[in-house]
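Written out below as structure tokens is the structure these notes cover.
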Amino acid sequence: MSGFSKAAGRLLRADALTLFGLITLVTLLFLGIFGPWLPLGDPSRIAAGPRLGAPSAQFLFGTDELGRDFMPRVVQGIRSTFLLSAIAVTITAVIGSLLGMAAGYLGRFADQAIARGADILFAFPALVAGLLVAAVMGPGQGSAITVISIATLPLFIRVVRSVTLGIAGRGFVTAAEVAGASTLRIMLVHLLPNVMGAVMVQLTYALSIGMIIESALSFLGLGVQPPDASLGSLLRQGSSYLTIAPWMVLSSGAVLSLAIMSVNLVGDAVRDALEPLKGRPLT
Amino acid sequence: MSAPLVDIAGLVIGYDAAARQVRALDSASLQVREGETLAIVGESGSGKTTLGMAAGRLLPPEAQLLDGTITVAGVDVMQADDAALRRLRREKLGFVFQNPSTALDPTMRIGRQVALALGGQPGPEAVAALLARAELGDPERVLRAFPHELSGGMAQRVVIAMAIARAPQLLIADEPTASLDASIREKVMATLVRLRAESGASLVILSHDLRLIGRHADRVAVMYGGRIVELGAVAQVLQAPVHPYTRALLAAAAGNEVPGARLEPIQGTPPMLEGRCEACAYAPRCTFSVARCNSERPEAREVAGRLVVCHRAEEAIATGAMQPQEAR
Amino acid sequence: MEPDVIALEDITVTYRSGFLGGTAFDALRGVSLRVKAGETVGLVGESGSGKTTLGRVCLGLLPPTQGQMRFGGAPFGKLRQRRGQLSVVLQHPEWALNPRLRCGTSVQEPLVLTGMPSSERRERVAEILGQVGLDPSFAARLPGQLSGGQRQRIAIARALVTNPRFIVFDEAVSALDVSVQAQVLNLIRDLQKRHGFGALFISHDLAATRYVSHRIAVMLRGEIVEDGPSARFYGTPEHPYSRALLGAA
Amino acid sequence: MRLVVYLLPRVLAALVTLFGVSVLVFLSLRLLPGGYADILLGPFVTAEARAIIAQRYGLDQPLVLQYLRWVWAMLGGDFGISMVTQRPVIDELLRRAPVTLQLALIALGVALAVGYPLGVLSGTRAAKTRKGRDFGRVIGAMGASVPDFVLGSVLIFVFSVWSLWFRVGGYVPFSTDPVGNLRTMLLPGFTLSVFGVALILRTTRDAVLRVMTEGHITAAVARGDPPRVIIRRHILRNAAIPVVTVVATYFGFLLGGAVIVEVLFSVPGVGLYIFNGLLNRDYAIVQAGVLLAAVVFISINMLADVLYALIDPRVGATR
Amino acid sequence: MPKKPRTSLSVLAVMAGLGLALPAQAQGVITWGKPAEITGFDVHVAGTVASWEMYQMVYETLLITDDELSLQAGLAESWEEESPTRFIFTLREGAAFSNGRAVDAQDVIGSIERIQNPEIASYWAHQLGEIVSMEALDDRRIVIELARPHATFLPALAHITAAIIPVQEYRDGSFDPAREMLGSGPFMVEQHNQDESWTLTRNPHYGRDGYPRADRMEVAIIPDESARIAALRDGRIDFTTFENPDAPQMLGTAGNIANHPIQTTNYYRFDVNALSEDSAFHDRRVRQAMNLALDRDAINMLVFNGTSAVDYPVPAAFGTDACHDLDTYALPRDERLERARALLEEAGQPSPQVELMASSANQVLGRIAQVAQQSLAEAGFQVTIASVPTAEYLQRVFTDGDFDFSASWLAGYTDPSMVIQWWNPNFAVWNLAFQEEIPELSDALADVRSTPASPERDQALRDICAMIDEGANLLALVSKVDYVAYRSDQIEVRLADRTGSANTWQHIAEFAPAD
């Protein structure tokens with residue numbers, strides 16, 4: 001059966017929750033991509049308003065400790081956190097898929113080497129790894145992307161490897177082998193399209209993890225550099241002023257949580273669509 | 001004779017699929033007598049599994065009862081409340097599934113599973129005795145084993161033992177030997193039939209293996225397009241089939257041909273009904289179809305000592321070209 | 001005399017499992033088998049008897065632990081050197097074709113690998129689809145839109161498209177319904193007459209096997225226990241196990 | 001025997017993994033810009049002072065030699081000394097381990113107590129109704145969506161404005177003052193548990209749903225067993241298999257990586273120790289800490305593998 | 001309080017464990033919410049405020065400073081300046097280390113020798129000047145002779161890094177200053193849980209009768225400012241400091257919390273890399289342009305909400321106005337920007353791209369950087385900001401010289417001529433990586449080092465300030481205020497209005513629980 005067209009059908013008949021997730025996700029994507037061109041105000045303009053001003057008609061999310069309008073900062077934060085994580089996770093998905101396929105299909109030494117590598121990354125305390133990478137590479141986007149990749153790479157490798165193991169024994173792979181197809185051809189033509197579903201599902205989960213990691217790094221001051229904002233650096237900014245300017249943490253925290261939640265909801269829907277789990281009722 | 005053990009009347013069941021409803025049973029009617037072995041044969045998609053599962057209301061949630069009734073041992077299965085249904089399943093019904101390796105809980109020892117199936121607090125002797133009845137050698141070892149440690153044939157015997165644990169009145173076996181190796185199918189089937197005979201229960205075998213049921217069933221029901229198209233004694237139906245589909249099926253099966261002879265496949269593919277079929281569902285593939293077959297729904301009639309759903313049953317018998325092949 | 005398409009001499013395959021290969025298990029023990037051009041050899045046996053392993057050896061997918069193996073009289077070599085000469089049709093119609101590729105792409109893949117130009121390929125695909133009884137329009141369809149029998153025909157078309165010298169049918173009809181099974185069995189018989197390839201027909205179903213095979217080998221626990229013309233299996237075969245397979249014990 | 005055969009390759013693999021982690025942490029620490037000399041001397045660092053300090057701690061030797069010395073000392077039970085306090089790192093790690101363990105246990109306890117029953121409930125309901133499905137999805141998606149530092153910041157805000165009963169910071173050992181201990185540990189524990197609740201809920205729900213597609217459940221239904229009995233006898237045990245894996249991973253992460261929460265709530269655990277060690281370039285702390293975290297993580301996962309094999313008799317069985 | 005018998009120590013230890021759980025008002029206990037853990041135990045070596053603050057609880061220096069930043073008697077009850085190069089110190093009667101041994105002249109000599117020992121890697125030797133001889137006249141009197149006049153000699157002795165340690169114990173190996181603390185200060189360390197807490201108990205042999213007033217001091221390490229606020233509110237800590245100028249506001253109107261901003265001689269500064277060829281700042285005109293374009297008022301208003309003040313190379317807290325008339329400070333901003341643009345034009349770099357680096361540990365620095373970034377943009381600078389871990393910041397600036405400019409703060413100590421030495425890379429050798437040497441300036445600085453406070457010195461400072469401004473190599477921004485907050489209902493404190501050497505808690509011996 002053609003999984004994709006069926007899955008797309010199921011996704012289209014989405015329920016309210018998925019729809020909510022999709023709409024939020026699309027909105028955030030829109031804000032993330034087109035934010036810089038929207039007439040929201042300059043996110044880094046200092047003294048645009050009073051210091052630590054409460055939300056008002058002019059400043060929807062209030063102002064920060066340098067008198068910057070917090071709303072465009074949150075929009076910029078979405079852009080950094082969301083797009084950065086998306087880029088990182090996409091790169092990781094590509095690398096992880098190739099490694100996972102190689103491990104699952106080639107087996108033996110390649111499998112052992114790749115699996116051990118994934119184990120090492122997995123056993124390394126994630127945040128410590130993040131701090132180390134951020135320190136070695138210097139803080140900024142590059143290290144944020146690397147940290148997200150390191151943390152999510154094992155996820156992709158594991159999933160793709162196990163899916164590949166399931167596919168590698170199937171008839172069409174054997175047939176291609178017998179016809180004399182090269183390993184690379186088999187991986188790209190026969191395995192890759194068939195692991196894509198699992199990769200897509202993993203991609204959404206990795207994206208939510210990536211967003212958490214990016215914002216955690218920025219929260220510790222090692223992610224996106226000021227004056228640029230990421231949702232994590234805004235949280236860091238706001239957490240210093242929780243008692244007198246709670247809107248900073250609340251608005252950026254809410255947007256971050258909403259973003260992760262929408263990614264999760266859509267991820268659930270994609271997973272349900274690709275791999276419907278229907279247990280039988282017990283009566 | 002009292003009322004039949006199972007009375008299926010005009011059963012219509014559909015499955016909710018993506019954007020439509022696929023009809024699995026298109027007004028199927030069937031009665032199972034007490035103490036008989038009835039085989040239901042048909043290709044995949046013919047509706048035989050739906051029919052079998054419906055007897056215990058074990059259909060998946062996307063199955064919809066659209067019409068008809070099914071009564072088992074006096075209980076209206078489709079309308080019974082949960083408690084009554086469970087009592088029926090527990091006391092009157094026994095199921096044997098196609099794949100024994102999935103029908104057993106993989107994390108539980110066989111002994112405990114069988115004990116649970118027996119109910120109450122049976123001692124190990126009772127459990128071992130039950131396994132011995134199912135012709136499992138070395139029941140002591142089997143008791144302690146986990147399902148994955150058993151061969152397919154042994155596992156199926158365990159499943160059979162569990163099915164007869166509470167002396168059901170009706171045993172339903174869905175392709176009980178299809179997943180087993182050819183060399184042991186016969187023996188497992190023999191066990192099943194022997195146990196039925198010992199207990200006096202009725203046995204319904206769902207199968208596509210014509211030769212197998214030919215040796216073990218009393219009556220046979222041939223299903224096509226969600227209906228029973230021919231129903232009669234095994235000897236009659238398999239040796240002198242009336243319905244063109246039954247005939248074609250027999251002619252297509254490898255095993256009955258003489259060396260060098262050519263099998264006659266049925267051209268085309270089985271139908272996928274989306275509503276009540278207002279014609280003969282087999283007509284598009286039938287070599288004997290006439291215009292009427294494509295426009296009028298045939299009803300069950302008694303022809304040559306059996307029920308047949310075919311407009312041209314009488315002509316078919318008369319046609320020499322439709323001489324049945326030798327059946328074993 | 002024309003050499004056998006494939007000749008196995010005293011093949012043994014040993015699997016090692018457990019820690020550091022501590023446990024050894026012989027999947028094949030001293031198996032010899034020859035298949036001539038234009039001949040179908042049936043291989044029957046129950047699951048675990050080693051017939052699939054033997055099939056994989058014949059296809060060059062599994063190097064034997066011991067024994068000689070020749071293809072067309074020459075050492076087997078690498079699979080790439082045998083491009084276009086070997087092919088396979090497997091069980092599970094739903095897994096036989098890559099669900100993400102159009103049928104035409106699947107069928108022409110062996111041709112791509114032999115380096116045939118694309119214009120010739122398209123003609124050849126249409127031709128071979130015709131031979132397996134499918135309309136050329138099937139080339140544009142996805143496997144998900146096909147029935148099991150149709151998919152198995154596509155798989156056969158893919159196996160035949162390069163006019164190979166040797167084809168392995170591994171449980172090729174086992175998952176098919178009776179009516180469709182007969183279609184495919186007839187197709188295999190007809191195509192062999194036409195193309196003259198050597199074939200190994202692996203199945204646990206003796207009835208189907210004897211219908212398409214010239215000779216039948218019966219496997220039990222890694223060894224061939226009976227080997228003879230298929231006519232013998234219409235009567236009463238010698239080995240008790242063969243008789244059990246016939247279900248006539 | 002089955003367990004030994006099953007575990008032995010895993011132990012070997014774990015050793016390889018640990019070797020990799022040790023090399024990785026060692027190398028990356030040496031690649032870090034800035035060293036302990038900078039931290040100790042502040043801006044007043046001169047080349048001479050740097051050299052003296054490097055010599056004092058053997059940091060002037062070739063990397064390979066430093067690494068081998070470290071590993072060799074570790075094999076003898078010497079995990080190095082902290083440059084800041086001049087005390088053995090292992091003493092400090094062992095002193096802090098109970099703190100992190102307690103935090104992890106609180107988080108895991110809450111996550112299991114809330115997540116597992118809800119997961120089973122949502123899984124069994126989901127087979128029946130859409131509402132049952134959505135209920136699990138909402139809780140799962142929400143729990144997984146609030147990062148611990150967001151929740152932690154908000155909680156600190158709430159409890160610094162209204163002190164209520166909980167306290168932020170000021171850890172006391174449970175043995176000296178159980179109430180005071182809980183007052184400081186429950187909040188960070190709860191913060192950490194939220195993700196776990198979601199994780200366990202989702203995993204359990206999916207596992208239950210998957211088990212419910214299996215044939216033996218249909219068989220149990222066909223035998224007339226009531227739902228309660230089927231859940232107890234057949235679903236819980238079978239569904240526990242993936243849950244065990246996820247719980248182990250989660251617990252491993254908690255033990256090795258609750259850094260942000262420990263920093264936020266000033267909980268003097270292992271995570272905070274490693275974090276500060278990293279900031280201070282106190283190499284021995286980070287090296288020993290990360291390696292220990294990896295050992296714990298791997299051991300727990302191996303323990304999960306054992307549990308897994310105990311629950312599922314098929315695991316590790318040869319064919 | 002009577003001398004404690006040794007057996008009671010174990011009881012005390014148990015109490016210490018309970019300490020944080022008990023209300024802070026318990027008998028004689030005060031609690032300090034310390035923002036950061038020490039970076040090392042060695043009082044002569046560690047160069048961080050977080051460490052100094054803790055040393056001040058345990059160690060004493062010969063001299064201390066008062067509110068006017070003038071020198072007062074410390075461990076030395078008196079001192080005599082026989083000549084500009086010869087000093088005689090007399091130790092206080094009764095001063096003793098917490099092990100009971102009296103502080104004697106050998107401790108002073110040994111401590112200073114230790115500071116001067118290159119093996120110890122103490123940076124403080126430079127501050128003391130070149131000492132040619134030290135001699136004990138008797139147990140309590142020491143003569144120290146300098147090679148040449150060194151104005152900062154006495155102020156340097158008032159800094160905690162010049163603490164007097166028990167040299168006898170150090171030499172016989174029973175005391176290792178690198179792993180423990182033993183001093184003559186008001187408290188001694190009883191227990192230390194790294195990153196968590198300290199328990200200090202009164203030094204029973206402390207030289208001042210009746211002090212310290214508190215029997216015990218609990219120290220909770222709470223780096224997070226919000227958590228410190230929470231702890232202060234719920235009374236778990238009695239006193240603490242904040243970097244964040246808004247902290248008083250965040251503490252709210254709670255009547256029992258008192259805020260006490262302390263003016264210091266410390267100020268926020270930019271270090272500019274004059275030496276790296278890779279930096280636009282290699283060109284002095286670009287540095288000058290940057291200095292002119294900076295909007296120090298904006299930094300004060302936006303980052304510090306106006307609670308700080310523009311500061312100068314010679315800190316305003318010293319009361320000198322040495323630098324006020326410089327164009328950098330006196331011209332209106334528009335003119336300065338115009339000058340800055342002109343300078344950039346002249347340098348052929350109308351829009352220099354520079355990176356401003358700051359430690360990520362201190363958020364105030366990040367805010368200063370962002371305000372500076374925006375004000376510099378008005379002159380054409382394209383500033384990117386890199387907030388990096390402290391260790392990296394320190395290495396890149398002071399060792400590698402691999403940066404354009406960086407933000408940090410400078411301890412102004414207790415004497416203008418001390419802080420001003422930072423502009424002499426021969427003196428402030430740690431600045432060699434980025435500081436350009438200006439011989440005239442170095443000479444002037446050397447001179448001023450040996451000039452006591454006087455109108456002549458004020459004039460010299462004025463000239464120096466002009467030279468510093470010309471070089472634009474190390475810029476003063478705004479003064480650093482210590483925002484002290486304490487629970488007025490739980491503790492009685494004595495706080496200075498002005499401090500110099502990060503000795504915020506110099507009167508800790510007088511802190512006591514409120515009745």
Side-chain angles (χ1 to χ4, degrees), chain D residues 32-53 56 81-87 92 95-96 99 153 156-157 159-161 163 167-173 175-177 179-181 183-184 263-268 272-273 275-276 278-281, chain E residues 14 17-18 20-21 37-42 45-49 51 118-124 176 178-180 192-197 220-224 226-231 233-234 236-237 252 361 388-400 408 410 429-432:
Chain D
L32 285 190
Y36 176 64
D38 298 299
I39 292 293
L40 174 66
L41 302 170
F44 312 106
V45 63
T46 58
E48 300 82 49
R50 229 167 207 289
I52 288 168
I53 288 180
R56 199 179 288 166
I81 57 160
S82 155
M83 292 190 270
V84 172
T85 62
Q86 303 287 312
R87 289 193 288 235
E92 191 69 18
R95 188 177 75 78
R96 288 157 180 267
V99 183
S153 296
I156 288 179
F157 163 55
F159 291 97
S160 62
V161 174
S163 174
R167 272 178 174 172
V168 179
Y171 168 80
V172 246
S175 49
T176 36
D177 176 10
V179 178
N181 171 276
R183 287 176 78 175
T184 59
V263 171
L264 263 184
F265 286 89
S266 307
V267 176
L272 185 64
Y273 191 48
F275 180 77
N276 283 333
L278 186 56
L279 291 187
N280 286 340
R281 302 296 189 258
Chain E
V14 173
L18 283 166
L20 288 179
E37 183 57 284
I38 62 167
T39 60
F41 275 89
D42 197 328
V45 178
T48 52
V49 175
S51 306
E119 286 299 301
I120 298 300
S122 171
Y123 62 98
W124 206 243
D176 179 359
R179 55 192 307 163
E180 55 195 321
H192 175 215
N193 295 327
Q194 198 184 354
D195 302 325
E196 181 185 345
S197 64
I221 310 288
I222 311 176
D224 187 76
S226 304
R228 278 210 305 289
I229 289 175
R233 278 166 171 269
D234 66 24
R236 248 176 320 123
I237 58 172
V388 299
T390 309
E392 179 179 353
Y393 149 74
L394 289 168
Q395 167 161 9
R396 279 177 61 189
V397 172
F398 296 100
T399 301
D400 300 344
S408 58
L410 181 78
V429 286
W430 42 85
N431 287 350
L432 275 172

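Note on naming: letters A, B, ... go to the chains in the order of the sequence lines (proteins, then strands), and numbering restarts at 1 for each one. Please read these numbers as outputs of a predicted model, since none were measured by experiment.
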Could you tell me whether the side chain of Arg228(E) and the main chain of Pro223(E) form a donor-acceptor pair under 3.5 Å?
yes
Would you mind telling me which of Asn280(D), Asn276(D), Val179(D) has the largest number of heavy-atom pairs within less than 4.5 Å of chain E?
Asn276(D)
Between atom CZ of Phe41(E) and atom CZ of Arg87(D), what is the distance when rounded to the nearest 0.5 Å?
5.0 Å
Chain D contact via Asp176(E) - which portion, at a heavy-atom distance below 4.5 Å:
neither
Please rank Ala178(E), Ser51(E), Ala231(E) by heavy-atom pairs under 4.5 Å with chain D and give me the top one.
Ala178(E)
Give, for atom CZ of Phe398(E) and atom CZ of Phe44(D), the distance between the pair rounded to the nearest 0.5 Å.
8.5 Å
Which of the residues Val45(E), Val388(E), Leu410(E), Asn193(E) is involved in the greatest number of heavy-atom pairs with chain D at under 4.5 angstrom?
Asn193(E)
Does a donor on one side chain sit under 3.5 Å from an acceptor on the other, for His192(E) and Glu180(E)?
no
Under the 3.5 angstrom rule, does the side chain of Arg281(D) hit a backbone N or O of Pro33(D) as a donor-acceptor pair?
yes
At what distance, to the nearest 0.5 angstrom, does CD1 of Ile38(E) lie from CD1 of Ile221(E)?
8.5 Å
Tell me, side chain or backbone of Glu92(D) under 4.5 Å from chain E's heavy atoms, or both, or neither?
side chain
Could you tell me which portion of Tyr36(D) (side chain, backbone, both or neither) has an atom closer than 4.5 angstrom to a non-hydrogen atom of chain E?
side chain
Chain D shares the most heavy-atom pairs under 4.5 Å, among Val49(E), Thr48(E), Asp42(E), Asp195(E), with Asp195(E)
Under 3.5 Å, side chain of Thr184(D) to main-chain N/O of Asn181(D), donor-acceptor pair present?
yes
Under 4.5 Å from any heavy atom of chain E - which part of Ile52(D)
side chain
I'd like to know which of Leu278(D), Leu41(D), Thr46(D) tops the heavy-atom pair count under 4.5 Å against chain E.
Leu41(D)
Exam field: side chain Asp224(E) to backbone Ala227(E), donor-acceptor pair closer than 3.5 Å
yes
Looking at Met83(D), Arg96(D), Glu48(D), which makes the most heavy-atom pairs under 4.5 Å with chain E?
Arg96(D)
Would you mind telling me which of Thr399(E), Val429(E), Asn431(E) has the largest number of heavy-atom pairs within less than 4.5 Å of chain D?
Thr399(E)
If I measure from the heavy atoms of chain D, does Leu432(E) come under 4.5 Å with its side chain, its backbone, both, or neither?
neither
